[in-house]
Protein chains: 2
Amino acid sequence: MAATIKDVAALAQVSVGTVSRYLNGYEVSEVNKRKIEEAVRRLDFKLNPVARSLKTSKSMTVAVVVPALANVFSMSIIEGIERHLDQYGYSVIVCDSQSDVQKEKAKLQFVKDKYVDGVVIMPTGSDGTHITEVLGDEIPAVLMDRLVENAKLDAVLVDNVNAVYQAVERLITLGHRRIGMITGPKHIYTARERQEGYRRVFVDYNLPMDESLIRYGDYTEDTGYKLINELMRLECPPTAVFVANYEMTIGAIMAVNEAGIQIPDQLSLIGFDQLELSKIIRPSLSVVVQPMAEIGQKAAEMLYQRMRGSHDNFPQVIRLKANFIDGQSIKKL
Amino acid sequence: MAATIKDVAALAQVSVGTVSRYLNGYEVSEVNKRKIEEAVRRLDFKLNPVARSLKTSKSMTVAVVVPALANVFSMSIIEGIERHLDQYGYSVIVCDSQSDVQKEKAKLQFVKDKYVDGVVIMPTGSDGTHITEVLGDEIPAVLMDRLVENAKLDAVLVDNVNAVYQAVERLITLGHRRIGMITGPKHIYTARERQEGYRRVFVDYNLPMDESLIRYGDYTEDTGYKLINELMRLECPPTAVFVANYEMTIGAIMAVNEAGIQIPDQLSLIGFDQLELSKIIRPSLSVVVQPMAEIGQKAAEMLYQRMRGSHDNFPQVIRLKANFIDGQSIKKL
DNA sequence: TTGTACGCGTTATCAT
DNA sequence: ATGATAACGCGTACAA
């Protein structure tokens with residue numbers, strides 16, 4: 001149905017080789033160029049990307065693999081990636097690993113078999129063996145948000161340590177000492193980092209740290225809800241709590257509302273991600289916000305360079321700053 | 001590098017035809033089957049989907065085009081689509097039309113040129129001429145959320161009329177008469193529908209409708225903020241307001257918080273979308289929630305049928321029910 | 001610069 | 001049931 005390069009050649013009365021060369025930006029005589037252009041126009045000819053892929057082993061497609069699609073973090077990043085790569089003619093295919101390493105590996109294999117030119121991945125586990133195992137080093141990959149062990153890869157991360165540091169330090173300077181933290185699983189990179197930020201404040205201020213105030217959730221709404229209740233039911237509950245991701249922040253707020261705990265009078269609270277929250281909740285919530293669109297944009301840019309063949313200072317790790325937004329959910333003691 | 005079907009044939013000592021047939025599920029003698037399986041295993045052979053696409057003119061890829069990626073509505077739908085189509089071996093590429101009809105058309109052309117097998121689209125305008133113009137009828141498309149004029153297409157929609165009806169009716173039965181509505185642009189399908197639901201309640205209850213209480217925003221946070229302020233500054237402000245999309249609901253809540261308006265004592269409020277809201281806001285917000293994942297799932301299912309060649313009752317329009325979740329943000333007068 | 005011809009990895013047709 | 005072989009549409013040596 002659709003016109004092929006042969007039809008163009010026939011109509012333009014030149015060889016397919018000439019047409020192909022013209023199409024790929026090589027030098028062609030002025031007359032032939034004109035004839036080809038005319039033929040292309042008249043036939044409404046479009047290169048068949050599939051046939052081209054078969055020859056070149058390039059698909060002009062990249063894959064993005066995330067633990068979950070339906071959350072603002074993933075989608076903001078994906079939006080950033082799509083927008084950036086769009087200008088280069090790449091399309092992006094999305095993959096949901098559902099926080100399952102096996103599924104993640106399967107998805108990687110799947111997109112590799114589809115000949116994607118690159119992949120950006122937000123790994124679901126702390127080990128990255130399967131990533132290089134599947135992808136090899138023919139097809140470039142960049143990590144985002146989380147670093148993994150056993151895999152040398154480019155990455156764009158957020159400076160979680162200092163983001164959390166800033167937030168907790170604020171609490172300290174306001175006089176808080178019993179500061180609870182609800183963080184993620186120990187095997188998740190960002191969770192470890194966020195916890196380290198917390199710890200470092202206490203070290204730097206030479207204050208004792210009460211391990212019982214640190215609770216490990218699994219980044220879900222449920223555990224946020226559950227763990228803040230645990231903390232508040234302690235004989236000596238914390239005067240402030242820092243919650244280290246968005247979903248758990250939602251859960252914590254629900255629990256606080258239900259229990260009728262007054263913020264910030266009875267408890268100072270700092271949440272994570274999504275500035276929207278700080279705006280619609282009363283009192284406005286203090287939060288640590290990550291530069292999501294920028295993560296996507298940077299990851300796309302790095303991947304693009306790699307796909308173009310650059311090997312400059314590999315592996316490269318970019319760290320983006322997060323911002324602490326001061327709301328009215330924390331109080332001076 | 002990677003093993004081809006030829007290598008398998010050679011190692012198994014059969015013809016490529018036999019291998020291909022075996023791979024595609026046709027009958028093959030028991031002995032050959034065994035030999036092929038053995039060879040496949042030893043060579044770690046994988047079918048090359050690009051070569052297959054070249055032959056079959058199918059890419060096992062679908063595109064989803066939305067006005068914006070980074071919002072809960074789009075991503076929930078996309079997640080539903082990805083999850084559903086994953087089982088059939090399809091991958092989904094995402095496109096952001098940035099609420100721009102021109103860009104939407106460009107994206108459609110782009111994915112068509114990439115030989116996607118189908119596209120699901122959440123149209124950004126009320127006209128759909130460009131959709132069929134670009135896609136023709138060779139490549140199936142299904143609309144979601146919004147219907148368009150001048151394009152006969154399958155669609156999966158939400159019953160906005162009755163969803164809004166339910167919400168406004170609730171306000172009526174609680175004694176409200178001056179009910180404000182903040183809705184979307186008149187040219188957007190869902191906005192018109194939601195407005196119709198509002199209107200219908202007044203008709204059915206034989207009550208007079210005050211047009212000045214209907215305000216048209218553009219589905220952004222900003223206009224939600226602005227318009228609710230306009231309403232509340234009326235000489236005779238409404239006793240209740242219904243906000244007809246998520247972003248505007250956020251804006252409205254911000255305005256209400258800033259102005260110190262007591263909910264529900266001074267104003268009853270009903271929002272739209274994302275149940276999360278109703279959970280973390282105090283008092284809990286009454287909202288109309290759309291079945292987002294289901295929209296994606298249904299759209300994917302319809303598209304899949306069409307891609308398989310079914311033409312049953314085309315164009316088919318599915319309407320999903322939205323739910324009204326009662327919170328504590330509305331009061332009996 | 002241009003044309004020819006082969007190959008990329010499959011599927012499908014046609015004999016056998 | 002199986003084997004040989006011609007497509008699918010393009011890129012690219014190679015020769016001219």
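Residue numbers start from 1 in every chain, and the chains themselves are labelled A, B, ... in the order their sequence lines are given, proteins ahead of strands. Not measured: the values here are computed from a predicted model. Values below: every heavy atom of this structure, side chains too, minus hydrogens, waters and symmetry copies.
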*Kindly state each residue pair satisfying ring-ring contact (aromatic ring centres under 6.0 Å, His included) with at least one member in residues 49-107 of chain A, sequence neighbours excluded.*
A:His84-A:Tyr88, A:Tyr88-A:Tyr304
*asked:* Quick test of your reading: applying ring-ring contact (aromatic ring centres under 6.0 Å, His included), list the pairs with at least one residue in residues 2-60 of chain B, sequence neighbours left out, ordered by first then second residue.
replied: none
*Could you identify which residues of residues 106-117 of chain A place a heavy atom less than 4.0 Å from some atom of DNA chain C, listed by residue number, or say none?*
none
With sequence neighbours excluded, give me every salt bridge (charged side-chain N to carboxylate O under 4.0 Å, His left out) pair touching [range].
{"range": "residues 48-71 of chain A", "value": "none"}
{"range": "residues 111-122 of chain A", "value": "none"}
{"range": "residues 118-141 of chain A", "value": "A:Lys105-A:Glu133"}
{"range": "residues 80-96 of chain A", "value": "A:Glu79-A:Arg83, A:Glu82-B:Lys107, A:Arg83-B:Asp96, A:Asp86-B:Lys107, A:Asp96-B:Arg83"}

*For B:Val50, answer base if it contacts any base atom (sugar-phosphate contacts may also be present), sugar-phosphate if it contacts only those atoms, and nothing otherwise; contact means non-hydrogen atoms under 4.0 Å.*
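Counting heavy atoms under 4.0 Å across all strands, no contact is made by B:Val50.
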Tell me: [atom1] of [X] to [atom2] of [N], nearest whole Å?
{"X": "B:Arg34", "N": "D:dT2", "atom1": "CZ", "atom2": "P", "value": "13 Å"}
{"X": "B:Lys35", "N": "D:dA1", "atom1": "NZ", "atom2": "P", "value": "16 Å"}
{"X": "A:Glu27", "N": "C:dT1", "atom1": "CD", "atom2": "P", "value": "7 Å"}
{"X": "B:Glu30", "N": "D:dT2", "atom1": "CD", "atom2": "P", "value": "11 Å"}
{"X": "A:Leu43", "N": "D:dG9", "atom1": "CG", "atom2": "P", "value": "14 Å"}
{"X": "B:Leu54", "N": "D:dG11", "atom1": "CG", "atom2": "P", "value": "12 Å"}

N/O donor to acceptor pairs below 3.5 angstrom from side-chain atoms of residues 309-318 of chain B, sequence neighbours left out:
unit_1: B:Ser310; atom_1: OG; unit_2: B:Asp312; atom_2: N; d: 3.3

*Starting at the 5' end of nucleotides 10-16 of chain C, put B wherever the base has a protein heavy atom under 4.0 Å, S where only the sugar-phosphate does, and a dash everywhere else.*
BBBB---
*Distance check: side-chain N/O of B:Asn32 vs OP1/OP2 of D:dA1, anything under 4.0 Å?*
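Checking D:dA1 against B:Asn32, no side-chain N or O comes under 4.0 Å of OP1 or OP2.
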*Contact under 4.0 Å: B:Ser29 side-chain N or O vs D:dA1 OP1/OP2*: no
*So what is the end-to-end bend of the helix from C:dT1-D:dA16 to C:dT16-D:dA1, with 5 pairs used at each end and the value given to 10 degrees?*
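About 40° separates the two local helix axes.
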_Taking the minimum atom-to-atom distance to the side chain of A:Val28, which one of C:dT2, D:dT2, C:dG3 wins?_
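Nearest listed nucleotide: C:dT2.
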*Without swapping roles, check the side chain of B:Arg146 against the backbone of B:Pro123 for a donor-acceptor pair under 3.5 Å.*
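Yes, because the side chain of B:Arg146 sits within donor-acceptor range (under 3.5 Å) of the backbone of B:Pro123.
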_Looking at A:Thr61 and A:Ser59, would you say the former's side chain and the latter's main chain have a donor-acceptor pair under 3.5 Å?_
yes
*Please name all residues satisfying salt bridge (Lys or Arg N to Asp or Glu O under 4.0 Å) with B:Lys321, sequence neighbours left out, ordered by chain then number.*
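Listed in chain order: B:Asp159.
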*Can you sort out the partners of B:Arg41 under salt bridge (Lys or Arg N to Asp or Glu O under 4.0 Å), two or more places apart, ordered by chain and number?*
B:Glu38
